[in-house]
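Okay, structure first, notes after.
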Amino acid sequence: MILKNDFIRLSKSLYFNTVKGIKFSTQKDDYQDSIANEYDFRTFYLSGDRSKMHIALNNRCEAMFQMGILEEVYDLLKRDKDLHFKNSKSSDSIGYREIIDLLLKPVIRNREGTINLYQSLDTIEESDVISTISNFQTANRNYYRKQYSWFKKEKYFEWLNPIDNENTDQHIIKSLELSFDEWQNNRNLKKEEEIRTCSPKDTRLISLYKPSKPLINFVHSNSNKLRNSLIKSNPELFD
């Protein structure tokens, strides 16, 4: 069954029905055999205690701000004279959408409809920044949970915990040196099941998390500068 809001599958189904004249559902039966039956490949899924994973994901988002995701989105918007990027599906990518909403925070307009620069510049507040960081991190964690749920069903993945085992990289290298059967026989299925079904051991690690003050100050200062520049150079973005 295809859900009514599943655009990708609906579009594929429409293509098969209208262009090829066959039902999309019949393709699953034709390609039931997995390529795993034809090729020798090794797949690994890295996971661990969910509270630690959430912290790692939060830290990853913080690192992306430090590495310039604000400036990256700003450059894309500044070159977006025809508004293709602003209205594209790629602008909905995790991180992009939250930062676009921050940089394109609504402006104050004069009676004639022009932007009131005096009231519109430097209006990103600290609370806006905290909300942006939080929304970015929440979207990132939600995407991780979707991936987790999907890969959880895949039997070909060996589940490993790199957070609590610093030798994970060596284990993977060694596994690649074994034959496929040796790799399968050496897998610790009980341990994998523990990793696959693990739940947060200390939820306080999640609930007590807050972005650091230096990060908030950094994003606050930079986002106002970048937004001010967009208001002056690309006012059409705020329509």
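Interatomic distance, N59 CG to K52 NZ, rounded to the nearest 0.5 Å: 13.5 Å. Taken from CG in L160 to CG in N167, the straight-line distance is 11.5 Å, to the nearest 0.5 Å. Here CD1 of I133 is found 10.5 Å from CG of N58. Values are rounded to the nearest 0.5 Å. S175 OG to F44 CZ: the interatomic distance, rounded to the nearest 0.5 Å, is 4.5 Å. Atom-to-atom distance recorded for L76:CG and I100:CD1 is 8.0 Å, nearest 0.5 angstrom. Once rounded to the nearest 0.5 Å, the distance linking CD of Q184 with OH of Y156 reads 9.0 Å.
Side chain to side chain, W183 and E158 meet the donor-acceptor criterion of an N or O pair below 3.5 Å. Remark: the T123 side chain and the R227 side chain contain an N/O donor-acceptor pair separated by less than 3.5 Å. In the model, N116 has no side-chain atom that pairs as donor or acceptor with a side-chain atom of S120 under 3.5 Å. Using modelled atom types and a 3.5 Å distance limit, the side chains of R145 and N142 yield a donor-acceptor pair. For the 3.5 Å distance criterion, the side chains of S51 and D49 qualify, holding a donor opposite an acceptor. Under 3.5 Å, the side chains of Q147 and Y45 contain no donor-acceptor pair of N or O atoms. In the model, S233 has a side-chain atom that pairs as donor or acceptor with a side-chain atom of K78 under 3.5 Å. Between the side chains of Q137 and S134, no donor N or O sits under 3.5 Å from an acceptor N or O.
In this structure the side chain of Y144 reaches within 4.5 angstrom of the side chain of S47, judged on heavy atoms. When side chains are defined from C-beta on, N234 does not count as touching D80, because their heavy atoms never get closer than 4.5 Å. Between I108 and Y118, the closest side-chain pair of non-hydrogen atoms is not below 4.5 Å. When side chains are defined from C-beta on, Y74 counts as touching S229, because their heavy atoms get closer than 4.5 Å. Contact annotation: the side chain of K105 approaches that of D128 to within less than 4.5 Å [non-hydrogen atoms, C-beta and beyond]. At a threshold of 4.5 Å between non-hydrogen side-chain atoms, the residues E192 and L189 count as touching.
Taking the six-membered ring for Trp and thresholds of 30 and 60 degrees, Y148 and W159 have ring planes more than 60 degrees apart, a perpendicular arrangement.
The pair R97-D101 counts as a salt bridge, with a side-chain nitrogen and a carboxylate oxygen less than 4.0 angstrom apart. Note on E193 versus K190: no salt bridge recorded, every NZ/NE/NH1/NH2 to OD/OE distance being 4.0 Å or above. For K225 and D122, the salt-bridge test fails: no basic side-chain N is under 4.0 Å from an acidic carboxylate O. Between K191 and E194 a salt bridge is recorded (basic side-chain N to carboxylate O distance below 4.0 Å). A salt bridge links E126 with K213: the distance from a Lys NZ or Arg NE/NH1/NH2 to an Asp or Glu carboxylate oxygen falls below 4.0 Å. A salt bridge is absent between K174 and D169: the closest approach of a Lys/Arg side-chain nitrogen to an acidic carboxylate oxygen does not fall below 4.0 angstrom.
The backbone N or O of F218 sits nowhere less than 3.5 Å from a side-chain atom of S221 that would complete a donor-acceptor pair. Remark: side-chain polar atoms of N161 are paired, donor with acceptor, to backbone N or O of D164 under 3.5 angstrom. No donor-acceptor pair under 3.5 Å is formed between the side chain of S93 and the backbone N or O of Y96. The backbone N or O of I124 lies less than 3.5 Å from a partner atom in the side chain of H220, making a donor-acceptor pair.
Follow the hydrophobic side-chain contacts under 4.5 Å out from L102 and you reach M64 in the same cluster. By the criterion of side-chain heavy atoms lying less than 4.5 angstrom apart, applied directly or through intervening Ile, Leu, Val, Met, Phe, Trp or Tyr residues, L46 is not grouped with F157; the two fall into different hydrophobic clusters. Residue L57 is not grouped with residue I99 when hydrophobic side chains (ILVMFWY) are merged at heavy-atom distances under 4.5 angstrom, including chains of intermediate members. The hydrophobic cluster containing F65 also contains Y143, counting ILVMFWY residues as joined when their side-chain heavy atoms lie under 4.5 angstrom apart, directly or transitively. Cluster annotation: V129 and M67 are assigned to distinct hydrophobic clusters (Ile/Leu/Val/Met/Phe/Trp/Tyr, side-chain heavy-atom contacts under 4.5 Å, transitive).
No more than 12 heavy-atom neighbours from other residues, nucleotides or ligands sit within 6.0 angstrom of CZ on R60.
In plain terms, the two heavy atoms of K232 and L121 that are nearest each other are CE-CD1, 3.9 Å. Summarising the geometry of I115 relative to P235, their closest heavy-atom pair is CD1-CB, 3.9 Å, with the distance given to 0.1 Å. Between A139 and E98, the shortest heavy-atom contact is CB-OE2, 3.7 Å.
No close placement of the F180 and F41 rings is indicated, their centers lying 6.0 Å or farther apart.
For the side-chain contact (heavy atoms from CB on, under 4.5 Å) criterion with C61, the lone passing option out of L215, N135, N140 is N140.
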